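For ligands, and for the atoms within them, numbers begin at 1 and follow the listed sequence. Given the structure is predicted, the values throughout are model-derived calculations rather than measurements.
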Amino acid sequence: MNGKYSPPPAGNGEVLIREGLKDIGARLEQPLRRIFLQRALSLGGLSLLSGCAAIDEESVEAALMKVSRFNDKAQAWLFDPRRLAPTYPESMITRPFPFNAYYGEDEIRQVDAEAYRLEVTGLVADRHAWTLAELRAMPQTAQVTRHICVEGWSAIGKWGGIPFADFLRRVGADTSARYVGFKCADDYYTSIDMPTALHAQTLLALTYDGRELPPRYGFPMKLRMPTKLGYKNPKHIQAIFVTNTYPGGYWEDQGYNWFGGS
Ligand SMILES: Nc1nc2c(c(=O)[nH]1)N[C@H]1C(S)=C(S)[C@@H](COP(=O)(O)O)O[C@H]1N2
Ligand SMILES: [Mo]
């Protein structure tokens, strides 16, 4: 969101193509919150919001949060686990592929490959921590898909790695649980719904464009989901946990829509 990347000039096809209901939800939330707050305050008593006359910022926030959670439910209901996001020929890969994070490129996290262990906890049978060699030994696949960021850019890239559904099965995850949460090496965190975690195109990505995932794109590993907006795709994953307790996320806790479908 605060990345230093400037979008390529429009006209080479790499402009935001989806103005769908779902990402509009995420993009409008900030202005909507302001308008809503102004109206509520100037009307003095929007009792339908809270059932009481005193409208303060907190109750408006709470009401908007309810709207956003309602959106999550609607999106979860609309999500078709069998529908595939578009894939593209390699000739359409955006070069260079943009970098984005809540910090600039000068602060990209350097994760030590030797010391790295992926923690897997929560509702799983096998809680052992994974080395990179173990992760690379699992069957891998690759796909060319479009990444869409709420900041208004999109780009096509090629990610390779372990189908996340295979990984979840391998660790004996309780796939009836509601959430999969992620903690990252840079303090970023996010969480997703189980149907998206099990989607055929959700990858635990270890490579970018046929090579080891570089630090800028999330070394040693990111979760790549072409069915979700950019901010739902955690880079530098350090820990994965399966839970029924809502884990939120870095941007989601600041008002971005949690489901974040694209
Ligand atoms: N760990 C971590 N993951 C992250 C972010 C971040 O700041 N830290 N930013 C998110 C956002 S908003 C976007 S658009 C994508 C950018 O991924 P890219 O650098 O591969 O383009 O990473 C997402 N995952
Ligand atoms: Mo983003």
Side-chain angles (χ1 to χ4, degrees), residues 1-8 14-18 20 22-30 85 88 93-112 116 118-119 142-161 164 180-192 196-197 202-241 247-262:
M1 310 285 162
N2 299 326
K4 303 284 182 284
Y5 172 75
S6 340
E14 302 315 315
V15 291
L16 182 70
I17 48 143
R18 301 286 298 269
K22 302 159 207 161
D23 71 42
I24 282 174
R27 295 169 74 204
L28 284 189
E29 250 159 57
Q30 290 308 326
Y88 302 85
I93 293 174
T94 306
R95 299 182 193 280
F97 190 85
F99 160 83
N100 196 28
Y102 69 89
Y103 41 80
E105 288 188 57
D106 48 329
E107 285 175 63
I108 292 172
R109 295 310 186 269
Q110 302 296 326
V111 174
D112 177 19
Y116 179 80
L118 171 69
E119 284 169 46
Q143 65 199 13
V144 179
T145 55
R146 186 184 293 270
H147 170 118
I148 303 170
C149 174
V150 284
E151 281 186 310
W153 58 270
S154 82
I156 293 172
K158 181 182 175 185
W159 291 270
F164 196 44
V180 182
F182 302 87
K183 290 182 203 156
C184 307
D186 58 358
D187 299 329
Y188 196 79
Y189 63 103
T190 188
S191 54
I192 58 168
T196 300
T202 297
L203 283 190
L204 203 46
L206 293 158
T207 69
Y208 180 76
D209 204 8
R211 303 204 175 130
E212 179 177 87
L213 193 70
R216 53 194 287 105
Y217 303 140
F219 181 85
M221 194 180 40
K222 73 174 279 179
L223 193 74
R224 174 61 198 146
M225 295 169 285
T227 56
K228 284 212 189 292
L229 294 168
Y231 65 89
K232 299 299 297 180
N233 291 241
K235 306 197 286 188
H236 311 291
I237 301 172
Q238 199 120 72
I240 297 177
F241 56 100
Y250 181 91
W251 290 114
E252 294 89 331
D253 292 350
Q254 298 175 56
Y256 276 84
N257 174 251
W258 177 76
F259 194 85
S262 72

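- Distance OG1/Thr196 to CG/Leu223: 10.0 Å, rounded to 0.5 Å.
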Please report the C-alpha distance between Arg224 and Tyr208 in whole Å, then the side-chain angles of each, then the deciding distance to 0.1 Å, and finally whether the side-chain contact (heavy atoms from CB on, under 4.5 Å) criterion is met. CA-CA 11 Å; Arg224 174 61 198 146; Tyr208 180 76; over 6 Å; no
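- Between Tyr231 and ligand 1, a contact under 3.5 Å exists for no N or O pair.
- Heavy atoms of Trp153 approach ligand 1 to within less than 4.0 angstrom.
- With ligand atoms numbered from 1 in the order given, ligand 1 contributes 20 (O) to contacts under 4.0 Å with heavy atoms of Lys222.
- Remark: the Thr190 side chain and the Trp251 side chain contain no N/O donor-acceptor pair separated by less than 3.5 Å.
- Residues meeting the salt bridge (charged side-chain N to carboxylate O under 4.0 Å, His left out) test with Lys158, sequence neighbours left out: Glu90.
- Any N or O atom pair closer than 3.5 Å counts here, and Phe99 shares no such pair with ligand 1.
- If you look at Thr190 next to ligand 1, there are no close heavy atoms at all, none under 4.0 Å.
- No heavy atom of Tyr250 sits closer than 4.0 Å to any atom of ligand 1.
- Looking at Asn100 next to ligand 1, an N or O pair under 3.5 Å apart turns up.
- Contacts of Ala101 with ligand 1, taken as heavy-atom pairs under 4.0 Å, involve both backbone and side chain.
- Stacking of Lys235 on the aromatic ring of Phe182 is not recorded, the 6.0 Å distance cut-off and the 45° axial limit not both being met.
- The line from CD1 of Ile156 to OH of Tyr88 is 5.0 Å long, rounded to the nearest 0.5 Å.
- Heavy-atom proximity to Arg216, at under 4.0 Å, picks out these atoms of ligand 1: 19 (O).
- Here the shortest heavy-atom distance to atom 13 (C) of ligand 1, taken over Cys184, Gly230, Cys149, Gly157, belongs to Gly230.
- Taking only nitrogen or oxygen atoms, main chain and side chain alike, Tyr103 does not reach within less than 3.5 Å of ligand 1.
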Under the side chain to side chain donor-acceptor pair (under 3.5 Å) rule, what do Tyr102 and Asp186 come out as? Steps first, then yes or no, please. CA-CA 9 Å; Tyr102 69 89; Asp186 58 358; 4.8 Å; no
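- For ligand 1, the atoms closer than 4.0 angstrom to any heavy atom of Asn233 are 4 (C), 22 (O), 23 (C), 24 (N).
- Remark: ligand 1 and His147 share no N or O pair separated by less than 3.5 Å (distance only, no angle test).
- The residue from Tyr188, Phe182, Phe97 that puts a heavy atom closest to atom 5 (C) of ligand 1 is Tyr188.
- Remark: Ile192 CD1 to Phe259 CZ distance equals 9.5 Å, nearest 0.5 Å.
- Residue contact annotation: Arg109 has no non-hydrogen atom under 4.0 Å from ligand 1.
- The backbone of Pro98, and not its side chain, has at least one atom closer than 4.0 Å to an atom of ligand 1 (non-hydrogen atoms only; backbone = N, CA, C, O).
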Let me have the donor-acceptor pairs involving side chains of residues 210-221, under 3.5 Å, with sequence neighbours excluded, atom names and distances please.
residue: Glu212; atom: OE2; partner: Arg136; partner atom: NH2; Å: 3.1
residue: Arg216; atom: NH1; partner: Glu105; partner atom: OE1; Å: 2.8
residue: Tyr217; atom: OH; partner: Phe97; partner atom: O; Å: 2.6

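- Put simply, NE2 on His236 and CD1 on Ile108 are 7.0 Å apart, with the number rounded to the nearest 0.5 Å.
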